[in-house]
Amino acid sequence: MKEGMMKGIAFIGTGKYAHVERPIPKIEKNHDVLIRILATSICGTDVHILATPPLYPATLGTIIGHEMVGEVVECGSEVTEFGAGDRVIMDNNIACGTCEICRLGDYNVCPNMKSIGMEIDGTFAQYCVAPDSNLAKISKDVPIERAIFAEPLNVAFGGLKKVRMMPGDNVVIVGGGPIGMYFVKLCKQMGAGKVLVTGRSPSRRKYLEMSGAHRIINTREEDLLTAVHEEMPLGADLVIECVGTMIGPCVDCCRPGGTVLVEGLSENEYQSISQHIIARKGVNVIGSFIGNNVLQAVANGLNSGMLDFEYMITHKLTFDQFDEGLEAMRNGTALEVILYPWGLPGES
């Protein structure tokens, strides 16, 4: 490969991607940071971008990917918090910072938001540029395979920041995928009483158990509400929806005066719910999208060793093996697929 060039994986059309060589990106703005990507991972969002038809749009020709651990190479003239050699994690969503929503403090729902890996070149590359405001330092003592979970943890932290969870609260998590697993472990570490989670996949059951679930409810074999009431007669203090289609059952599982946190996204799905039940039970229904000023807390948790999800890594691959990782994500045999842009660890 020529000097000044790098490898990347770009979105080139509906359901299509290509391995490309691109110039290493340059610092263009005073708050830009050039990052050498140490590891990146395939997210469900990436799978949706490459679906036919795509469930999430991406700009044609954009390098995709947004979950990463990297090392700072160069900083813009006004960057003060980072320097060459720092290890960093990233929130890939870039708000405009000037609209009324941003000025109200809710930048995570900025209507003008652009995302690294969708509209802006992302992390399926050897280098990436990001604003300093979207980065947080992480200790080099933290293994890359632990730090790689920073971006999805940023999402989970964003949700938990919005609810008033107390030690001893009983929690039900609807959706036993990766995000559900993060919530299981986080809620246990925050002192939850019982944590129940739905999970239909036999292959994922062991990961839910390793995350600390008190009980795993297979909704193909047992009724959700009945199972919840067996463990929590009044219902759960907190119910977290991680599917995108189950807000009604979540309200049913919630105790009077409890909270339903809506995390799941399913853009084309619409549901019928009872406003009467929500009002009569006094249920707090809270929507959450990505994270709002929680990336530093994620970094702190990773640095402490408290947040260790390495057991969820199912695949470690090179860029040349991207198709294998993508297919494993599509067919559900993968939980966390790590891509190493410079070759697998230990390879020369």
Side-chain angles (χ1 to χ4, degrees), residues 1-2 4-26 28 32 34-37 39-68 70 90-96 110-131 134 148 151-152 155 177-179 244-245 264-270 289-290 314-343:
M1 189 163 49
K2 294 180 181 178
M5 302 293 285
M6 68 174 187
K7 295 179 181 179
I9 299 172
F11 172 69
I12 60 168
T14 301
K16 298 179 180 179
Y17 68 90
H19 292 268
V20 297
E21 288 190 9
R22 297 274 179 85
I24 295 172
K26 297 183 182 301
E28 296 182 353
D32 279 351
L34 176 63
I35 304 160
R36 183 178 186 264
I37 305 298
T40 181
S41 56
I42 303 175
C43 173
T45 298
D46 303 311
V47 177
H48 294 323
I49 288 171
L50 293 172
T52 305
L55 297 181
Y56 294 124
T59 301
L60 199 66
T62 299
I63 291 175
I64 52 180
H66 60 275
E67 299 182 2
M68 73 92 196
M90 179 179 74
D91 176 353
N92 67 299
N93 299 289
I94 303 175
C96 73
C110 168
N112 306 311
M113 183 177 290
K114 304 293 184 185
S115 295
I116 293 172
M118 294 181 73
E119 296 94 353
I120 301 167
D121 281 343
T123 63
F124 290 170
Q126 292 175 309
Y127 295 90
C128 178
V129 167
N134 286 66
I148 195 65
E151 193 278 335
V155 174
I179 292 292
T245 60
L265 298 173
S266 187
E267 185 174 357
N268 298 319
E269 295 288 338
Y270 292 85
F289 180 65
I290 60 177
T314 54
H315 295 70
K316 296 181 179 182
L317 306 172
T318 66
F319 270 8
D320 292 339
Q321 298 170 299
F322 176 77
D323 188 64
E324 178 185 339
L326 179 64
E327 181 56 31
M329 289 291 291
R330 283 172 168 166
N331 64 32
T333 59
L335 280 180
E336 180 76 2
V337 177
I338 300 182
L339 302 174
Y340 296 90
W342 304 92

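Model, not experiment: these values are computed from the prediction. In what follows, residues are counted from 1 in the order of the sequence shown.
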**OP:** Measure the spacing between CZ of R36 and CG of L34 and express it to the nearest 0.5 Å.
**Re:** 11.0 Å
**OP:** Could you tell me which non-hydrogen atom of E269 sits nearest to which non-hydrogen atom of G244, and how far apart they are?
**Re:** CB-O, 4.3 Å
**OP:** Please report the shortest heavy-atom distance between I35 and A130, naming the atom on each side.
**Re:** CD1-CB, 4.1 Å
Original post:
From I64 CD1 over to F124 CZ, what is the distance, rounded to the nearest 0.5 angstrom?
Top reply: 5.5 Å
Subject >> Closest non-hydrogen atom pair between C110 and C96, with its separation >> reply: SG-N, 3.4 Å
Subject >> All pairs passing side-chain hydrogen bond (donor to acceptor under 3.5 Å, both in side chains) where residues 42-58 contributes a residue, at least two apart >> reply: none
Original post:
Does any N or O in the side chain of W342 come within less than 3.5 Å of the main-chain N or O of I37, such that one atom is a donor and the other an acceptor?
Top reply: yes
Subject >> Distance-minimising heavy-atom pair for L326 and V47 >> reply: CD1-CG2, 4.1 Å
Original post:
Distance-only, no hydrogens or angles: does the T123 side chain make a donor-acceptor pair with backbone N or O of H66 under 3.5 Å?
Top reply: yes
Original post:
Could you state the interatomic distance from CE (M68) to CG (L339), rounded to the nearest 0.5 Å?
Top reply: 14.5 Å
Subject >> Test log, rule side-chain contact (heavy atoms from CB on, under 4.5 Å), inputs V129 and E28 >> reply: CA-CA 9 Å; V129 167; E28 296 182 353; over 6 Å; no
Subject >> Under the side-chain hydrogen bond (donor to acceptor under 3.5 Å, both in side chains) test, residues paired with T333 that sit two or more places apart >> reply: N331
Original post:
Any donor-acceptor pair under 3.5 Å linking the side chain of Q321 with the backbone of T318?
Top reply: yes
Original post:
Between atom CD1 of I24 and atom CE of M5, what is the distance when rounded to the nearest 0.5 Å?
Top reply: 9.0 Å
Got a list of side-chain donor-acceptor pairs under 3.5 Å for residues 114-122, not counting sequence neighbours?
unit_1 : atom_1 : unit_2 : atom_2 : d
S115   : OG     : N93    : OD1    : 2.8
E119   : OE1    : S115   : N      : 2.7
D121   : OD1    : I63    : N      : 2.9

Subject >> Heavy-atom pair of closest approach, residues T314 and L335 >> reply: OG1-N, 3.1 Å
**OP:** Only counting residues at least two apart or in another chain, list the ones meeting side-chain hydrogen bond (donor to acceptor under 3.5 Å, both in side chains) with D323.
**Re:** Y17
**OP:** Under the side-chain hydrogen bond (donor to acceptor under 3.5 Å, both in side chains) rule, collect the residues that match up with D32, sequence neighbours excluded.
**Re:** none
Original post:
Nearest 0.5 Å, what's the CE-CD distance between M329 and E336?
Top reply: 7.5 Å
Original post:
Taking all atoms of both residues into account, what is the closest heavy-atom pair of G61 and A10, and its distance?
Top reply: O-CB, 3.8 Å
Original post:
Could you give the distance from CD (E67) to CE (M90), rounded to the nearest 0.5 Å?
Top reply: 9.5 Å
**OP:** Under the ring-ring contact (aromatic ring centres under 6.0 Å, His included) rule, collect the residues that match up with F11, sequence neighbours excluded.
**Re:** none
